[in-house]
Every structure is written in structure tokens, then in C-alpha cells.
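Okay, so here's the structure we're looking at.
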Protein chains: 2
Amino acid sequence: MKFEAVTIKDIAKALGLSTSTVSRALRDSYEISEETKQLVLKYAKEFNYRPNPSALGLKEKRTRSIGIVISEIANSFFSQAINGIESVANQRGYNVIITQTLESYEREVANMQFLSSRSVDGCLISVSTETNDFDHISDLYQKGFPVVCFDRVIDSLDTHKVIFDNFMGAYNATTHLIKSGYKNIAILSSIEYLSISKERLNGFKKALSDNDIPLHEDYLKHCAHGGMLYQEVEKAMDELMKLKVKPDAVFTSGDKLTTNFMRYCKTKKIAIPEKIAVIGFSNLDITELMSPSLSVVKQPAFEMGRVATDLLLNMIESKRTVTEFEHIVLPPEIIVRDSSARKK
Amino acid sequence: MKFEAVTIKDIAKALGLSTSTVSRALRDSYEISEETKQLVLKYAKEFNYRPNPSALGLKEKRTRSIGIVISEIANSFFSQAINGIESVANQRGYNVIITQTLESYEREVANMQFLSSRSVDGCLISVSTETNDFDHISDLYQKGFPVVCFDRVIDSLDTHKVIFDNFMGAYNATTHLIKSGYKNIAILSSIEYLSISKERLNGFKKALSDNDIPLHEDYLKHCAHGGMLYQEVEKAMDELMKLKVKPDAVFTSGDKLTTNFMRYCKTKKIAIPEKIAVIGFSNLDITELMSPSLSVVKQPAFEMGRVATDLLLNMIESKRTVTEFEHIVLPPEIIVRDSSARKK
DNA sequence: CTTTAAAACGGGAACGATTGCGTAAATAAA
DNA sequence: TTTATTTACGCAATCGTTCCCGTTTTAAAG
């Protein structure tokens, strides 16, 4: 099928002008008479002229679009973040290309390659759980490809970063469990080397030590795929439930870990919070409707997307090389509901 | 910031060849000697050459990308559909630009304008609830801009369409409620003129009449924003609960209607299914964890995305004008859980 | 030893938009 | 009236790639 849109050439031909005159008229140049401008503008509006993005991209060496690299769209945190990203990007005249890694390192490399090879002017990334080597990102960044990290950041990369206060979120959530009377608190965590995992784990540990509760290594479970697979959560929970002293509460340090924990308890008919209490990270907007209603640590995903995009666009549009980097930390929000009700 | 990637010119200069030779070598033309090809290929791989999408787009009058127009990403049905769309698109060498309307007609028009003005080769659309006039779509389509409808289709548009068997889904769900002993069944529906609303409403009505249950107009509630706003669901439910004969079951004909119905019952402390049973459309993967576990009509969103994208790409790549259009209907899936348990 | 033809490559236009530079006409200044 | 200046436009190069035509070299055919 062919779909031919009107070009500057078409306008020029129709009006008996040169393309340069038309171009200048459209950009409201002082060199063009008011009369001609009106003529061109009227014609352009009538035939719905839009500049060809490919031509513009070729000429100006920029595409006015940015890329996003995230693990998956069908994750409430990320879809909310995307909304924040789009709101800023669209407002500033950029469009957005979203790519998913599904937590795969290989796909992350491929996506970065694709985005950097001139399809976008820069990108936002929240690295995949599988990613342990950041060369594919830092190499591009070193060469001048603008990258801003959010959520799951890369410590070694010297760029703008927008993160959630994972430490505080985990600390507050764990403290809440302790204050509610729970003592044997386990943690379901994502893979060790992930920045957010470390921070959340540290928050968890600090809350325990601040309350003079010893840390049992048995209570510390890592899930390599961040809870994406039910099986890994099942295995971790099975191990926890086989311990002599079972945990009486769990802090689930990721969205998928939280929901799969709930699924586990439902399947195994383990009463929450009677047998085991829980508070966990989640950005789902229906956690209040779960059984029981879920206590959560909620991340300001939309805001995160907004802030990160603003920083990225500033970086892209900056004339000189950026040398001072923002490191923005957004505050935690904790919502207490039935799943972590006071221990009887 | 500047980020310069290697071009054909660079390769030509480095290797002492002309751009045409390099171009041909990269495309494995018979006109180029095996020797030269290897030389070029090796260099290209080493310096990670990628063709400039803007230049290609300009030359070939195609961008190898497609657009999506949906109401919102943060809706499980659409995010799952996007996964299906991306899987096919990426496999066939296209990339995807997602735009959201947030159910606004104005934004839908703007998004279509943007996408059609040469940023993409075609688009997939599920129209917004607010959209009652389809000229902005059919005009472009008439001019040769490939469009494929999915989910919420446009009857008057003669193109490929991929829909869910809304009638059967609603019919089966309603029948299930009837067989479970419920007689006074209300429906929460989206705006009237939306194709999927009509079909679902018709399925609902047919199920009633097939079981000799009269239809009460009072039991028929429309929400203009498709349940996006809690207030509209609250208003509809308040009206239902004020009736002399309150409904003993509800069929919620949309994702947001379903969750906001649950929210209403939770807020008003209305027991499900004792006071009122419910089955509704939802693609959330945690409906089993809700309180009570939710009976749902689930749409094959991923599959829908896949199929629609295949059709769109065929249309785009077709040499001749397409005149025969597929009209694919995907089967319903009903998952019965506690929220519609047999009436006692 | 010519003629022909294949093989291997280069030149240059084109795609749509921008922009520095050149220039004709109109006006103002001398 | 001549010169200088402004106004209003056109020409042509450029971005990276492809592709239609040459052109040269080599080899085969006559």
C-alpha cells in the first residue's frame, strides 16, 4: 500500500515557489514577506503538511525520540513509570520507543544496540535482573550516547540517576512488622547484585539490628528471576516453611515476589497474617482488594518517570558535555493494611 | 551531546572504496567480489555498523515501524496485547511506537495525526471510549494509511479486524450466573456506542432471554468512561442498591468496571457472593488473589496482539491494494472462582 | 589480433528538509 | 541620476543510503 503525504516540494510546486522559500515561510523567517507566509501557511494547513521525520532526522542528526529499556511493560510499576515518561517527553516534543528485556541480558544488549544506532537521541534504562556486566551500556555512554538510569541503576555509570529510597522503604516496612509484634522475619529478595536488592536488603538488616533482632541466614532468600517465576518463590517458601522455627512474617522485596508469595499462601492455605504476616513492594492499584488486603511499599513510579525524562532531555539538549550529575532519591510510601496486622 | 556512529561513507573512506560498492557489499550483491565483501563485512562488524534508520526511511519511504493507539498501557489487557504485538513486530524487523489516548478523543486524533505523518508505516488501533466519530481514522485509511483494528473495532471501517468473541464471553458468563442460581442480574457496562459494549450487552440479554428471565432496564447501567473513574461506578452501584429488588448478581463488562465494582463492595462492606455475586471481564493475573477470588472472563490479549500485528504487516508489505479483509474472532475463556459461587 | 561480454567497481541522482550564499528588484540615500 | 541598502526570494550543498548508469579491466569468442 502506498500512502503519500504532502511535502515541501509539493507546496512549492503548487504555489510556484522554491522549497527554500516554503521552508522559511513555515519557520516564520524574517526573510519572507508576510503575504507569502500566509499563502504557504494556509496551504500547509489545508493539506495537513507535517515535516518528514526521516528527513529531519537525517539533516539534524537527531530523531526527537527517546528510548526506554525496561524488563516488562505488564508490570504496574513500569507501566506507571512509562506514563510519567510519556507525559514529559510528549510535552517537550519527543516521542518514545519502548523496549522490553523480559529480564534477559541478551535482549537488553540487543535493545541498547538497536536504540543507540540512531533510532533515538538517548535512553532511559532500568537494567534487567540478569544483567551483571554493564559494558554494553557504559561503552555507548562513553561514546556520547545519553543514558539516564532509573529504578535499577548502575553504580559504576557516571550519569543522572533517579531512584527510589529503597533502603528507607525496606527499613520502614521491616520496622512496621517488628512494631506489630513479629520477631521471626524472613525476606524474599531478588538477585544479589542488583542495586535495588542490595539497598532493600540493607534496609531490612538495619531495621532488625536497630531493634536488636538477630539476623538468621536461613530467613534470607534470593530469587534469581526477581520472582517472575512462581517456582522460584515456591522453592524459597518451601524451604522457609520447613525450618524448625518458621518465620512469622515476611518482607517481600519486589512486585512479583509479593504477588507470588500471596499465590503461594493461597495455594498452600496458609493464613495471612495469622500464620505469616507480610508487607511487600507492589505498585498494583488493587492490592487493597486482595485477600487479605495487602500492606505495601509503593514506589512513586509516575514521578520517577517524569524526573528521569526531564534529566535525559536536558542532557540531550545540552550544548556542552554534562559533567555534574543529579542523583535523585524519591521518598518511600508505606500503606499498612490487613496483611501485616498486629500479632495476636 | 554528540554521538557519532559509523556510516557507509566512513567505511568507504577507510577501505578506499566507493559508497556504492560498500552498500552493495553489505547487501551481498552479485556485482561485488567475494574478497571485497569479506573486507567490508569484517570492517562493518568490527566497527558495529548499523544503517541509519532516518536515511533508510527517507530513501525507501518507509520507517519499518508501526504504531499502536490504545487507551492506556497501565491496563493489563493492553499491556499483554502489547507483548503480543512486539513479539511479532520485532520478529519481522519492525519496531513499535506506543501512544495512549487515556480514553480521550482529542488525544486519539492527535496520536493518529502524529503516527500517520510518516513516523510509522501503519498502525493498530483500539478506539477510545470517547470516540464517536471515526473520520480521523477513516480519512487516513482512505488515503492509503494501513490501519488494523483490534479489540474495540470500527464497524464502518473496511479493514482487517481482530476481536474477542464478546457476545459469547458475556453470554457464557451470564449463563453461568443463572445456572448458579442467580435471577436478578444487573450489568455494569461501558458507554453504549462502543462496539464491544454492544456485543457484551447483547450476549448478556440473550442469556437472560434464553433462560426466560425478563430484562429490567433498571439493572442496566452504563458508565461513560468505561469504569475508569470510581465515581461513575459508585453512582451506578448506589442506584442499583437503592432499588426495591436489589440485584443478587452483577456482570461487569470491562476490566476497570470489575475492579471498581470490587472496590465499591469492599468500601460498602457488601459481601460477595452472599449479598451480590459477580463475574466480570478482567485480564489481571492476580484476580485469584482477590477477596473473594474473582470469577472472570479473560481475553486472549497476547494472541490478539500477535494476530493483529501479523495482519497489519501483511497489509503494509502487500504490493497490491488489499481488498479482502480478515475478521478474526478469538474465543472466550471463563474462569469460575468464588465470587460467583452457587447461591445458597 | 580484434570483438564481445562478463565481472567489479565508481559516479551521481534521488529521497525531504534546512541553510549559507548569491542575486534581482525595489527602495532609500547621496 | 547614481550608488547603497534592504527586501524577498532562488540555488545548491548536505545528511546516509540506494540504485540506475556508466567505465575499466579481464577473459572468452571469433
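Chain letters run A, B, ... following the sequence lines, proteins first and then strands; every chain starts at 1.
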Could you go over nucleotides 13-16 of chain C and give all protein N or O partners under 3.5 Å, atom names and distances?
unit_1, atom_1, unit_2, atom_2, d
C:dC15, OP2, A:Lys9, NZ, 2.9
C:dG16, OP1, B:Lys61, NZ, 2.9
C:dG16, N2, A:Ala55, O, 3.4

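- Applying the 4.0 Å criterion to OP1 and OP2 of C:dC9, one finds that B:Thr21 has every side-chain N and O outside that range.
- Counting only residues at least two apart or on different chains, no ring pair (Phe, Tyr, Trp, His ring centres under 6.0 Å) pair has a member in residues 59-81 of chain B.
- When atom types are taken as modelled, the side chain of A:Asp121 and the backbone of A:Ile66 share no donor-acceptor pair closer than 3.5 angstrom.
- With sequence neighbours excluded, the residues satisfying ring-ring contact (aromatic ring centres under 6.0 Å, His included) with A:Phe164 are A:Phe281.
- Residue pairs meeting the ring pair (Phe, Tyr, Trp, His ring centres under 6.0 Å) criterion with at least one member in residues 92-122 of chain B, sequence neighbours excluded: B:Tyr105-B:His136.
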Show me the donor-acceptor pairs within less than 3.5 Å that the side chains of residues 21-28 of chain B make with the rest of the protein, sequence neighbours left out.
unit_1, atom_1, unit_2, atom_2, d
B:Thr21, OG1, B:Ser18, OG, 3.0
B:Asp28, OD1, B:Lys37, NZ, 3.0

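- Note that OG of B:Ser117 and CG of B:Leu140 are 9.0 Å apart. Values are rounded to the nearest 0.5 Å.
- In this structure, A:Arg152 pairs ionically with A:Glu103, as a charged nitrogen and a carboxylate oxygen lie closer than 4.0 Å.
- Distance CZ (A:Arg64) to C1' (C:dA17): 14 Å, rounded to an integer number of Å.
- A:Thr99 places a side-chain N or O within donor-acceptor distance of the main-chain N or O of A:Ile68, the cut-off being under 3.5 Å.
- With sequence neighbours left out, the side-chain contact (heavy atoms from CB on, under 4.5 Å) criterion links A:Asp139 to A:Asp135.
- Taking atom CZ on B:Arg27 and atom P on D:dG16, their separation rounds to 17 Å, with Å as the unit.
- Spacing between atom CZ of B:Arg24 and atom P of D:dC21 amounts to 12 Å, rounded to whole angstrom units.
- Residues satisfying the side-chain contact (heavy atoms from CB on, under 4.5 Å) criterion with B:Leu330, sequence neighbours excluded, are B:Val162, B:Pro300, B:Glu303, B:Met304, B:Ile328.
- For residues 49-58 of chain B, every residue pair satisfying the side chain to side chain donor-acceptor pair (under 3.5 Å) rule, not counting sequence neighbours, is listed here: B:Asn48-B:Arg50.
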Using nucleotides 23-28 of chain C, report all nitrogen or oxygen pairs with the protein that are shorter than 3.5 Å.
none

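- Side-chain contact between A:Thr7 and A:Lys13 is absent, with no heavy atoms from C-beta onward closer than 4.5 Å.
- Rounded to whole Å, the distance from CG on B:Leu17 to P on C:dG11 is 11 Å.
- Side-chain N/O atoms of B:Ser20 include none lying less than 4.0 angstrom from OP1 or OP2 on D:dC19.
- Over its full length, the helix from C:dC1-D:dG30 to C:dA30-D:dT1 turns its helical axis through 60°, comparing axes from the five pairs at each end and rounding to 10°.
- A heavy atom lying under 4.0 Å from DNA chain D marks the following residues of residues 29-37 of chain A, by number: A:Glu31, A:Ile32, A:Ser33, A:Thr36.
- Distance, A:Leu15 CG to D:dC9 P: 11 Å, rounded to whole Å.
- Shown here are the side-chain hydrogen bond (donor to acceptor under 3.5 Å, both in side chains) partners of B:Ser128, two or more places apart in sequence or in another chain: there are none.
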